[in-house]
Amino acid sequence: MDKNISSNENIKLLSFDIDNTLIDFHTFHSNFGKIWEKYKDKTNALLTFNTGRLKDDVLSLIDRGILPKPDYIISGVGTHIYDYNNKTLVKEFNDVLDEGWDLKSVEDIITSVNHPVSEQPSRFQHSYKRSYFFHDATEELITDIEESFVEAGMEVNVIYSGNKFLDILPKFANKGNALQWLLKRLKIKTNQVLVAGDSGNDSAMFDLKDVLGIVVANAHEELYAYTKHKKVYHSEREKGDGIVEGLVYYDILPEEAMVDTNVDHSEDFFIQQELNNIALEDDNEKIALIQEGYTKAVEALKKNITPLGFSACSIKDNVAHGTDENYYSVWARDGAITVIGSLPLINDKEIHTCQRQTLITLLEHITKNGQIPSNVRIKDNTPDYSGVGGICSIDSGIWVIIAFYEYINVTKDIEFLRQYFPDVKETMRWLSAHDSNNDALLEIPEAGDWTDLFGRSYNILYDEILWYRSNVCFGRMLEMLGNNEEAGEYIRWSQVIKKEIVQNFWPSTKQQLFQSVSFAEKQFTLGDTSYLIAQTTPFDFSWRCDTLGNILAFLYGTLDSEKAHQTFKFMLGVGVNDPYPVTNVYPVVSPGDPDWRPYYTVNLLNLPNHYHNGGIWPFVGGFWVRFVHKLGFREMAISELHKLALINKEGINEEWEFTEWAHGTTGKPMGKAYQAWSAAQYISACHDLKIINN
């Protein structure tokens, strides 16, 4: 969907369902109320609750502070309209509902149906609504009920939702008709309305001509199916957080409203100790070094500009030995991460041209079956489709999809999107083929991702997080192209992937009823984790903490802020950011460990605390700073960015070399100098904290 179809000024009325849309039905938990109260003065839109609950029930939720004060309440699945500001029912609407409505006849027909049926509690019933529990009804049965009313000469609305709720309403009573009537009364056009819901009884709202919509991530399949041809935004978050996400998308709320959905942990004793230590530091000194580092990062990044795109490291500043010539390439993984990190510099013509060319170089070497090359040699424009030992790199293609979307999202270059979208689509097909057992997760060969000399395989956290994100990005690109139906399918599938990730990589001793038990959950004797574990296979698992995988899980929306906070406390506690941010795995693998591989001694790269085996990676440090900031700990994020500046300033030959990695305990810089992604992710972190003006 083109975001420009709407703006804050165009939207005059919001019509939102309540249960499992604005609030959790069972716990009443929601961040929507506090966020709406904080930002409501920034919009002129009227807030309307459009719900199956009855008026008094909704008023009780408002009085208890669970919901904010609205302008109107459409209650009882479109059978009452309540003017909240004037505290009166709009009686004129009830006159419309009387036509052809006979309550006794409704009850007689439903009780005669040959299917288990029971009335919902009295608080859900009134003179214009009969509601029943009607579990597992088929489409044919619902059609038969509708025909029974026709044969009885009654024109009513039969609404079946959630595979268990049956509502019988007057002919003109549903959420859409009631909303339409209210809009006419208020002289508001339907294209000035934004609606949101989670189930089938919300579908009538989406029927209004040219209405805009939000479908929350927890929505039932019936609503996804019904709205797939509509102008809707599919949120990545659930319930109230999904509504806030949608309101930010439509420019009704500012982007900072998304941060406010996080749980506030500033009073946590552990966090307070860290903040107290930071308070002793010299802020001016930290900011000065960070800003100096920013200037040096831009210089380092420009050292990697080549006619084919960003090189992995500065060619003129590094001497190649043997396989090190691979660094003199446009790498899919490195290049994509560099493009993403450098997007704040999109107005720098030289950098922008290189960002675009990096994507072009990689996409123009795609194979017939959709594989993105691992790298393309700069000296002769030759692609390489494998990594160390001839193993294909799965994450190369995933990163390119994510970077391509991020680039398009910033530049709004739809023609560029149209030109290369067929290639991106083929890459999605190629990646999907690696889900060989159709469980929503990819099966990764050993050493088949960025840790290409580190032994992990099958379902790897890092790759699955990227797989989730790439499905979201692909769906968003489909929205940009106006293909809302297929976009919805990918966003919907991304939610399945997210669920599988959390279920399989966050082991818990707590049994979850009515859910299939994952392999990780079967290991209940091992206890509960405070982070997403590194990998699982049908035969074993790794209990290690993959730092980058966990960081990206929160940044890309797979983990909620509560779990991310647990992860943050764990990683902070074990010192993944000490002496510099951050080591890529905890704990390291040592000789004699079942996870140890003989090839870890190749070039002495993966000895304990080296390279991928617990080395410090500045590009990961950039993501880490953003992770801490997203959690709401700005002062701590600044402190971590200062430490990141210190490691980037350390050099092998001179200062500010932005080296590839550093030893995990000594912090001594190692690897190649002027690494593109180290510089780019430092730049990204600076802009994320708004230390550097965009």
Side-chain angles (χ1 to χ4, degrees), residues 1-23 32 36 43 45-52 70 72 74 77-78 159 161-162 174-183 186 188-253 257 472 475-476 478-492 494-495:
M1 185 195 304
D2 185 352
K3 187 174 179 177
N4 294 326
I5 61 174
S6 172
S7 69
N8 189 335
E9 291 75 21
N10 290 337
I11 300 296
K12 303 299 181 186
L13 186 140
L14 311 173
S15 177
F16 296 160
D17 174 49
I18 293 178
D19 291 308
N20 292 327
T21 299
L22 288 179
I23 66 174
F32 175 76
W36 179 256
T43 176
L46 299 173
L47 177 61
T48 302
F49 299 143
N50 202 334
T51 177
Y72 291 93
I74 299 174
V77 199
I159 301 175
S161 60
N174 64 40
K175 291 186 176 185
N177 288 338
L179 177 58
Q180 181 83 64
W181 190 92
L182 178 61
L183 295 176
L186 298 174
I188 295 176
K189 298 178 181 179
T190 53
N191 64 0
Q192 297 175 311
V193 178
L194 176 64
V195 304
D198 74 295
S199 68
N201 70 9
D202 299 314
S203 59
M205 289 194 289
F206 292 86
D207 273 338
L208 274 62
K209 183 180 179 182
D210 295 326
V211 73
L212 302 175
I214 301 170
V215 176
V216 289
N218 56 286
H220 297 175
E221 189 64 41
E222 61 203 25
L223 188 62
Y224 270 96
Y226 193 85
T227 60
K228 63 183 182 180
H229 299 294
K230 311 287 185 180
K231 296 178 181 178
V232 299
Y233 175 80
H234 297 88
S235 74
E236 298 167 46
R237 301 187 179 195
E238 296 184 351
K239 302 167 189 173
D241 289 349
I243 296 299
V244 173
E245 178 190 331
L247 290 172
V248 170
Y249 173 83
Y250 285 111
D251 293 326
I252 295 167
L253 294 180
V472 172
R476 297 296 180 224
L478 284 163
E479 286 179 339
M480 292 176 180
L481 295 173
N483 189 344
N484 294 312
E485 178 179 357
E486 196 171 357
E489 292 175 0
Y490 275 91
I491 300 297
R492 181 64 162 166
S494 75
Q495 300 308 308

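Everything quoted here is computed from the prediction, not taken from an experiment. Along the sequence shown, the residues carry numbers beginning at 1.
In plain terms, the two heavy atoms of V232 and Y250 that are nearest each other are C-OH, 4.1 Å. Nearest heavy-atom pair, F16 versus L194, reported as atom, atom and distance to 0.1 Å: CE2-O, 3.7 Å. Contact record, A217 with S235: N-OG, 3.1 Å, taken as the closest heavy-atom pair. Residues D202 and T21 share a closest heavy-atom pair of OD2-OG1, 4.5 Å. Taking every heavy atom of both residues into account, A257 and V244 meet most closely at O-CG1, 3.9 Å. Closest non-hydrogen pair, G176 versus N174, comes out as N-OD1, 2.8 Å.
Using a 4.5 Å heavy-atom cutoff, the side chains of W36 and L14 are in contact. For the pair L208/V195, no side-chain contact is recorded, criterion being any heavy-atom separation below 4.5 Å from C-beta on. Side-chain contact between H234 and Y490 is absent, with no heavy-atom pair separated by less than 4.5 Å. Put simply, the side chain of K230 does not reach to within 4.5 Å of the side chain of N484, judged on heavy atoms. A 4.5 Å side-chain heavy-atom check between L212 and Y233 finds every atom pair outside the cut-off. Residues V211 and L179 are not in side-chain contact: their nearest non-hydrogen atoms beyond the backbone lie 4.5 Å or more apart. Counting heavy atoms from C-beta on, the side chains of E222 and S161 come closer than 4.5 Å. Using a 4.5 Å heavy-atom cutoff, the side chains of Y249 and E245 are not in contact.
A side chain to side chain donor-acceptor pair (under 3.5 Å) with K175 is found for exactly one of D207, D17, T51, N50, namely D17.
Between the side chain of R492 and the backbone N or O of A219, at least one donor-acceptor pair lies under 3.5 Å. Checked by atom type and distance alone, the side chain of Y226 never pairs as donor or acceptor with a backbone atom of S199 at under 3.5 Å. The main-chain N or O of V472 is never found under 3.5 Å from a side-chain atom of S494 such that the two would form a donor-acceptor pair. Between the side chain of S203 and the backbone N or O of L223, no donor-acceptor pair lies under 3.5 Å. Checking side-chain atoms of D198 against main-chain N and O of V216 turns up no donor-acceptor pair under 3.5 Å. Remark: side-chain polar atoms of D241 are not paired, donor with acceptor, to backbone N or O of E238 under 3.5 angstrom.
Distance NZ/K12 to CG/L46: 9.5 Å, rounded to 0.5 Å. Here the CG atom belonging to N191 is positioned 8.5 Å from the CD1 atom belonging to I11, to the nearest 0.5 angstrom. If you take CZ on R476 and CD1 on I491, they are separated by 4.0 Å, rounding to the nearest 0.5 Å. In this structure, the separation between CD1 on I243 and CD1 on I23 is 12.0 Å, given to the nearest 0.5 Å. With rounding to the nearest 0.5 angstrom, the CG atom of L247 is 4.5 Å from the CG atom of L253. Annotation: the span from L13 atom CG to Y72 atom OH amounts to 9.0 Å, rounded to 0.5 Å.
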- request: Under the side-chain contact (heavy atoms from CB on, under 4.5 Å) rule, what do V193 and I188 come out as? Steps first, then yes or no, please.
  value: CA-CA 8 Å; V193 178; I188 295 176; 4.1 Å; yes

